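See below for the structure under consideration.
Just so it is clear, the model here is predicted, and its values are computed rather than measured.
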Amino acid sequence: MPSNQNLQEESIYNLIPQEKVIPPKPPRYESKFKETAKEEIKKVKQDHRTMGYAKEPVQKPTEYLKSHEKEPKLPEPQKTGRINQPAKPSVPHPVKDRPLLGVKTNKNFISQNAVDTIMAVPRKPEKNFVDTRKGDKFKLEPSGLEPVYVKKKTFGTVPTYLIERNEERAKFKAEYEAYMQEYFKKGAMRTMSDGERDAILQGLKQNWDDLHHAYQSLSVSIDTLPKKMKKEKLESEMKALEKDIDLLQRHQLIYIAD
């Protein structure tokens, strides 16, 4: 048997005819549910699928098709109240309803018109503005060039909803303060007065100023351990005072246990 290398080159062995090997075909796929599907199709028969009903209902001989039987029938007209009422008033009678003729008046329309014109209030001129060289004019009020809002009667007044909201807030605050006072009375606590609060704030601020003055008096170079410890102590005390001052300034109501 020649090798693959010899087949690629010219060789006498290539003249020997070789049989073609045809691989066998794989078996055709058949579902395992084939027989079950056939039985189900035989059991279920669909009526009038292609040839109409199995038994066509036949009409009686007396019920034959009559003329105009398949035409659509309109519903019977219903009477409305407008049919019996006249749509328009009747024409006036030529004799009974004849208007009066020949009636004259002594009113002087010319003088009356002159008096009405003299006594009439002059109309205010319309405010317009011209924005082009061709003289195109537009109304001034809707343009936004004239201050209309500031001329209102309610300009500068507090709105009603803000007044009501402030009243509700003040009422709620008063109720809350009364409730807290009643609650802390049971626990022997009282609220700090404004005088005490201001005095404490002034004292805390004075202490902070003294510490700040001492902090500013430190030497520039912190090269020894005692200097470093003194600086850290002043910084911690200043931070504590700042925290207490902020607490007193943020809260208006402060409760004290006696």
Side-chain angles (χ1 to χ4, degrees), residues 119-258:
M119 299 299 294
V121 179
R123 188 173 59 179
K124 294 182 179 180
E126 188 177 10
K127 294 183 180 180
N128 298 324
F129 72 97
V130 179
D131 61 347
T132 60
R133 62 179 182 178
K134 295 182 179 180
D136 298 333
K137 64 180 181 178
F138 304 94
K139 292 184 178 180
L140 185 61
E141 291 184 359
S143 65
L145 299 175
E146 185 180 9
V148 180
Y149 183 74
V150 296
K151 294 182 180 179
K152 290 186 176 180
K153 295 181 180 179
T154 58
F155 179 75
T157 58
V158 181
T160 308
Y161 74 95
L162 287 179
I163 297 173
E164 295 176 355
R165 185 180 299 176
N166 292 334
E167 291 177 354
E168 291 178 358
R169 188 176 299 173
K171 182 179 178 182
F172 175 77
K173 185 177 180 181
E175 292 177 355
Y176 177 76
E177 290 178 358
Y179 168 75
M180 295 302 294
Q181 288 178 1
E182 185 67 24
Y183 176 78
F184 286 116
K185 280 181 181 178
K186 297 178 182 178
M189 297 186 73
R190 64 180 182 85
T191 57
M192 183 185 293
S193 62
D194 295 338
E196 294 177 352
R197 181 169 169 274
D198 295 339
I200 294 173
L201 274 174
Q202 292 296 330
L204 292 173
K205 290 180 180 180
Q206 183 65 36
N207 294 338
W208 187 89
D209 292 337
D210 297 340
L211 291 175
H212 185 260
H213 180 72
Y215 184 80
Q216 294 292 334
S217 302
L218 292 174
S219 60
V220 179
S221 62
I222 309 297
D223 51 356
T224 60
L225 183 60
K227 291 181 180 180
K228 185 177 180 180
M229 293 178 63
K230 185 176 181 181
K231 180 183 177 183
E232 292 177 355
K233 181 182 179 182
L234 290 174
E235 288 178 349
S236 61
E237 290 179 357
M238 290 172 64
K239 287 182 180 179
L241 288 174
E242 289 174 358
K243 186 176 180 181
D244 295 339
I245 291 170
D246 181 62
L247 180 66
L248 288 174
Q249 288 179 346
R250 282 190 296 109
H251 300 282
Q252 297 294 330
L253 295 176
I254 297 174
Y255 298 96
I256 304 172
D258 293 334

message = Can you give me the closest heavy-atom contact between Phe129 and Lys139, atom names plus distance?
response = CE2-O, 3.2 Å
note = dist Tyr215:OH -> Trp208:CH2 (nearest 0.5 Å) comes out at 11.0 Å
message = Atom OH of residue position Tyr176 - does it have more than 12 heavy atoms of other residues, nucleotides or ligands inside 6.0 Å?
response = no
request  = To the nearest 0.5 angstrom, please state how far the NE2 atom of His251 sits from the CG atom of Asp246.
outcome  = 8.0 Å
query = With a 4.5 Å heavy-atom cut-off, do Lys227 and Leu218 have their side chains touching?
reply = no
ask   = Could you state the interatomic distance from NZ (Lys205) to CG (Leu241), rounded to the nearest 0.5 Å?
value = 12.5 Å
ask   = Looking at residues at least two apart in the chain, or sitting in another chain, which of them share a ring pair (Phe, Tyr, Trp, His ring centres under 6.0 Å) with Tyr161?
value = none
inquiry  = Side chains of Asp131 and Phe138, heavy atoms from C-beta outward: is any pair under 4.5 Å?
reply    = yes
query = So with a 6.0 Å cut-off around CD of Glu141, is the heavy-atom count from everything else above 12?
reply = no
remark   = Glu237 and Leu211 have their tightest heavy-atom pair at OE1-CD2, 3.2 Å
ask   = When rounded to the nearest 0.5 angstrom, what distance separates CG in Leu201 from CD in Gln206?
value = 13.0 Å
inquiry  = Rounded to the nearest 0.5 Å, what separates atom OG in Ser236 from atom NZ in Lys231?
reply    = 12.5 Å
ask   = So, Asp136 side chain and Thr132 main chain: donor-acceptor pair closer than 3.5 Å or not?
value = no
inquiry  = I'd like to know if the side chain of Asn166 and the backbone of Leu162 have a donor-acceptor N/O pair within less than 3.5 Å.
reply    = yes
Spacing of Leu204 atom CG and Glu242 atom CD [to the nearest 0.5 Å] = 11.5 Å
request  = Please confirm whether the backbone N or O of Asp223 pairs with a side-chain atom of Ser221, one donor and one acceptor, at under 3.5 Å?
outcome  = no
ask   = Would a 4.5 Å heavy-atom cut-off, applied to side chains only, mark Thr160 and Ile163 as touching?
value = no
query = Run the side-chain contact (heavy atoms from CB on, under 4.5 Å) check on Leu140 and Asn128 step by step: do they pass?
reply = CA-CA 5 Å; Leu140 185 61; Asn128 298 324; 5.9 Å; no
Glu146/Lys127 salt bridge by N-O under 4.0 Å criterion = yes
ask   = Is there side-chain contact between Arg197 and Ser193, with at least one heavy-atom pair below 4.5 Å?
value = no
